Amino acid sequence: MLSNLTSNLFFNLQTLIMSTQATQTIQEEAYVSLTRGLTDLDFRGPCIPSDLVLIGDHSFPLVMNSHGQVLMAASFYGSGRIVVLGHESYLTAFPALVENALVWLRGDGSENQSVGIHNNVQGVTHNLSTSLFQTQTVGSFSCDLGVGVYVTDAYSVGPDQKDLVAFLKAGGGVLIAGQAWSWAADHPKENTLLQFVGNKLSGVAGVYFSDHHAEAEYLPVYPQIPSSWMAMVIGKDFADDLEFLLQGISEFDLLNGVVASEVLVHGPLAFPIGTTEDGRAFLAGAYYGQGRVVVVTHEGLLRRESLAPFWINALHWLDEGRRGVVGVTPDLHQAFDLLSKTEFVCEKTNFRKDLSVFVCTAYRNDCIEEIREFVAEGGGLLIGGHAWYWAQTHKGQNLMTDFSGNKILTKMGLSLLENIIREGSFKAPVPSQAIKDTYHFRHVLHRFAGHCAHGDKLSKREEECLTKLGGDCSKYLRLKTDDNAYKQVVSTFTDIVKKTGMPQVCESCPVKSPRDRLLLHVGSELYKVHPDPDELLPHLIKNNPLLPVVYNHRIKVDVKTAGGEEWVSTGLYLSPGMKTYMAIPAEIINKGWKVQIGCQTDRLKAEVLKRAPCVHDRFPISSEMVQVRNLWGGLIYLVAPPKTQVEGVEVIVQIAVPAPYYKSGVTTAADWSLLRTAPSPWAELEFDNIIFTVPSEFVRDLDHPDELATHWDDIMRGIADLAAIPHKFTRKERFVTDVQISHGWMHAGYPVMAHKSTAPQVLSIEHAKTKGLWGIIHELGHNQQRGCWEFPPHTTECTCNLWSVYVHEEVLGVNRAKPQPGLSPAKRQSTAEKYAKEGKNLSSWSVFVALETYLQLQDKFGWDAFKRVFAAYHEMSNFPKDNKRKMNLYAVTFSQAVEMNLSGFFKSWGWPIERDTEDKLSKLPPWTDHPMVQYD
């Protein structure tokens, strides 16, 4: 059935994708309605508008000038709609726009044509087409008016505010116009965002009249919602807020075991309060609608006595003088006890709308929408919690969108991150210098965009912030929302990339500067979320030749995963930016399977980059057709979840580049003669127990992969023999060579990662049998280590070498001292003697010193003893956790395996052998002539 429908499915899916891409968002549809028939708007004249500040996920600009200032905007709130104009004169200056606004505000399908117009703006009536609307001029708003739309200036909201908010929320439309800069000049000590009367209505929907003038220009009406990097500004100077919040506060105590998260401060009305020396915020605040929020990134800090003065200030700031009830969620009982000692009336309660301030953790999944609405309509929120543990325990999920705390906070301009902030004591900022001296995502991004667009010189501090900005950009872009703030950031990144391009990073052209690292971060992440990645691609990848492809390639899937997830090779590759569709059988849809593009899963954090920090991507398999692509291209894998079994199903890949791919027992010599020339830059060799992924250049001249397969089958059987496990691994090891890896020359894992220069070594039988493969087997030995018989940090880089010694001597026939000169008899004796003379301190018992302990056991008892010991551990359970008890267990286990009391030997090495262990082994004959006895 799948075979017969493949072509139709691909065609139908492409049609669906194109249709989906053509579908407008709610904001875009609204913008088209509001600007219908308009080509330009002339704002020049005596009127000086306010710059409108937009927050939230529903507000969007209608008109933006050349400085990125917003002169007109619209938003949704509840079931209603609002249009905000930056000067009251615009109600009569632009009659066509006002008429569009009234039609849109009336709502889709609404039959209520009645428009209430405040008598201060009754001039609007004369410009309206009376056939469309039934107008009535009123002195104030009343719910009894029965109108569908209400028009007012920003100065006449007054006591009608609550009724108007309820009207808007219930589905009404509001057109409001005015400016706040003159009011702000007359009220220098007032908070314009909250106290200016127009903001008490429009602010609820995320649109504020600011105290900043906006430049009035002759402006075109764009076909899409306008955007500009210059709009990426902070919407307020928060010096007065910080002055209030930090009164009497000199430092923040995060000592005594606190492990907090970092919070990303990204909203135009969000600001950091407490930060580390390097600018990472752990305490922040924000305006949201008519309310306020304060977040601290560990809930335990809410109960800390040393921070009580700050919490009092914060509650006053959040309460805004209402003297209302502070509700504390029941799971914060110690915080409740602390806050109850203050002057506030505190109640232990779940969320209620009648509270003045609600105190809760970031881990709640209930009332999320209600809490945001509570703040928007004037409530205060104090919330505490970290996100690092959630991120560690929810691999593959999107922290920015899926974590409960971020579902509340992100729309308020704050997001909890997986980044950890260690304990410490941190100085409070100086309020008057905070905006200048404190890292703020929007400020640094705005400055960097100006640097790229116009060559604006960055300050030394701003340059120092670019590395952090790059990481924050990557995290922010994971939001993938339709709200205007996100789109403005995406638009800013797009402008930057189109203006500057992205560094063409490679081994011969490494990226070194913070500026180029940032561009690499931004380009990589922007491609994943850009609405038109194909249009962006030429600005990101300059040299992207077309490679020969295959069509409708079938992949047979037979998988039985006993342990962790498993990559299933397909033998196919995607070029950078190349997309394909995959037809998926029902057996693996919504079962935890994924498609992975790219073998290089190491994430780099180096100062010098020879490739992008992250060059692979994953896509969940959740439908019968999956579209995949990756900016950096890469081999295509199916990722099977743990403990799953699938047999005899087929996946069909619509279009891809063939890769050199050899699989033992499947690929014939004739097949390989063609496959090794396949155009993919990456090749794979899959043997019985290990899969090698290397640049294709290293396999072009590989004439006999079957001989190499036999060679590695022998090695892997040797590894299994020493580990006392079956010759058939439950999951084949993977080994990937890359131009750059995250740490070390190689490192263990799935896959084992190594530098590209290692590729010729793993593919050469001669090299293995003459010079050895010490480092490679060392990493495979790491993958055999088990915590029950490991004593970190002493043996972390030690016991893995048992496999290096064993494989070289027992499989390859290479003396241990050849690949590792430190294991010659003379060097070994010197190592033991030096350790003994220096006091046999376990602090220096590591790597080759510790290895000598095990080699002395091997010299006496042979490798079979180790095999019996490892086999014994396979049968055990409920292991001790601490090194002392684990070392005693090992001494007992090894002694029993060789039927000899080894307690004296281990004590001679400084092991903490207990009396109980000696008693257990007392009936066995002691090893009295061990090599360390001469040093006792």
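Count residues from 1 along the sequence. Here the structure is a predicted model, which is why all the values come from computation and not from measurement.
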Can you name the nearest heavy-atom pair linking [X] to [Y], along with the distance?
X: W567; Y: R734; value: O-NH2, 3.1 Å
X: W390; Y: D402; value: CH2-CB, 3.7 Å
X: M746; Y: A754; value: CG-CB, 3.6 Å
X: S404; Y: N365; value: CB-OD1, 3.1 Å
X: V694; Y: A759; value: CG1-CB, 3.9 Å
X: D483; Y: D57; value: CB-CA, 3.1 Å

Determine, stepwise, if the pair I555 / L572 fulfils side chain to side chain contact (heavy atoms under 4.5 Å, CB included). CA-CA 10 Å; I555 312 296; L572 299 175; 4.1 Å; yes
Could you tell me whether [X] atom [atom1] has more than 12 heavy atoms of other residues or ligands within 6.0 Å of it?
X: K610; atom1: NZ; answer: no
X: K728; atom1: NZ; answer: yes
X: R700; atom1: CZ; answer: yes
X: Y389; atom1: OH; answer: no
X: Q392; atom1: CD; answer: yes

Heavy-atom distance under 4.5 Å between the side chains of [X] and [Y], does that happen here?
X: W593; Y: V651; result: no
X: V559; Y: L638; result: no
X: V646; Y: K591; result: no
X: T799; Y: W789; result: yes
X: N783; Y: E733; result: yes
X: Y573; Y: L547; result: yes
X: L526; Y: L540; result: no
X: K579; Y: D534; result: yes

Between the side chain of [X] and the main-chain N/O of [Y], is any donor-acceptor distance below 3.5 Å?
X: S804; Y: H778; result: yes
X: T893; Y: L889; result: yes
X: D738; Y: H755; result: no
X: D602; Y: I741; result: no
X: N398; Y: L479; result: no
X: H704; Y: D706; result: no
X: H298; Y: S261; result: no
X: T580; Y: I655; result: yes
X: S696; Y: W682; result: yes
X: T570; Y: I636; result: yes

Kindly assign one of parallel, tilted or perpendicular to the pair F870 and W803, based on the angle between their ring planes and the thresholds 30° and 60°.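 Plane angle under 30°, so parallel.
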May I ask you to decide if the ring planes of F866 and W863 are parallel, tilted or perpendicular, using 30° and 60° as cut-offs? tilted
Nearest 0.5 angstrom please: [X] [atom1] to [Y] [atom2], how far?
X: Y661; Y: L685; atom1: OH; atom2: CG; answer: 10.0 Å
X: H743; Y: M753; atom1: NE2; atom2: CE; answer: 10.0 Å
X: D472; Y: N419; atom1: CG; atom2: CG; answer: 7.5 Å
X: S575; Y: L546; atom1: OG; atom2: CG; answer: 7.5 Å
X: Q784; Y: I725; atom1: CD; atom2: CD1; answer: 4.5 Å
X: L537; Y: Y527; atom1: CG; atom2: OH; answer: 5.0 Å

Given T667 and R676, is the side-chain hydrogen bond (donor to acceptor under 3.5 Å, both in side chains) satisfied, shown in steps? CA-CA 11 Å; T667 309; R676 67 176 174 177; over 6 Å; no
Using a strict 4.0 Å threshold on nitrogen-to-oxygen distance, state whether D714 and R717 make a salt bridge. yes
Are any of the side-chain nitrogens in E810 or K867 under 4.0 Å away from the carboxylate oxygens of its partner?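 Between K867 and E810 there is no salt bridge, as every charged N stays at least 4.0 Å from the carboxylate O atoms.
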Examine R731 relative to Y750 and say whether NZ or CZ is less than 6.0 Å from the centre of the six-membered ring and inside a 45° cone about the ring axis.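 Pair R731/Y750 counts as cation-pi.
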Please lay out, stage by stage, how K732 and M716 fare under the test side chain to side chain contact (heavy atoms under 4.5 Å, CB included). CA-CA 10 Å; K732 295 182 182 184; M716 299 306 292; over 6 Å; no
Between L708 and I765, is a side chain to side chain contact (heavy atoms under 4.5 Å, CB included) present by the stated rule, with each step listed? CA-CA 7 Å; L708 186 65; I765 300 173; 4.0 Å; yes
Which of Y662, Y637, F692 passes side-chain contact (heavy atoms from CB on, under 4.5 Å) with E684? Answer is Y637
What's the verdict on side-chain hydrogen bond (donor to acceptor under 3.5 Å, both in side chains) for T410 and S415, showing C-alpha distance, side-chain angles and the deciding distance? CA-CA 5 Å; T410 294; S415 296; 2.9 Å; yes
CA sep, side-chain torsions, deciding dist, call: D721, H727, side-chain hydrogen bond (donor to acceptor under 3.5 Å, both in side chains): CA-CA 7 Å; D721 283 340; H727 284 174; 2.6 Å; yes
Give the C-alpha distance, both sets of side-chain angles, the deciding distance and a yes or no for side-chain hydrogen bond (donor to acceptor under 3.5 Å, both in side chains) between T601 and H616. CA-CA 6 Å; T601 51; H616 78 286; 5.6 Å; no
Set out, in order, the CA-CA distance, both residues' side-chain angles and the distance that settles side chain to side chain contact (heavy atoms under 4.5 Å, CB included) for F729 and D688, then state yes or no. CA-CA 8 Å; F729 280 40; D688 284 352; over 6 Å; no
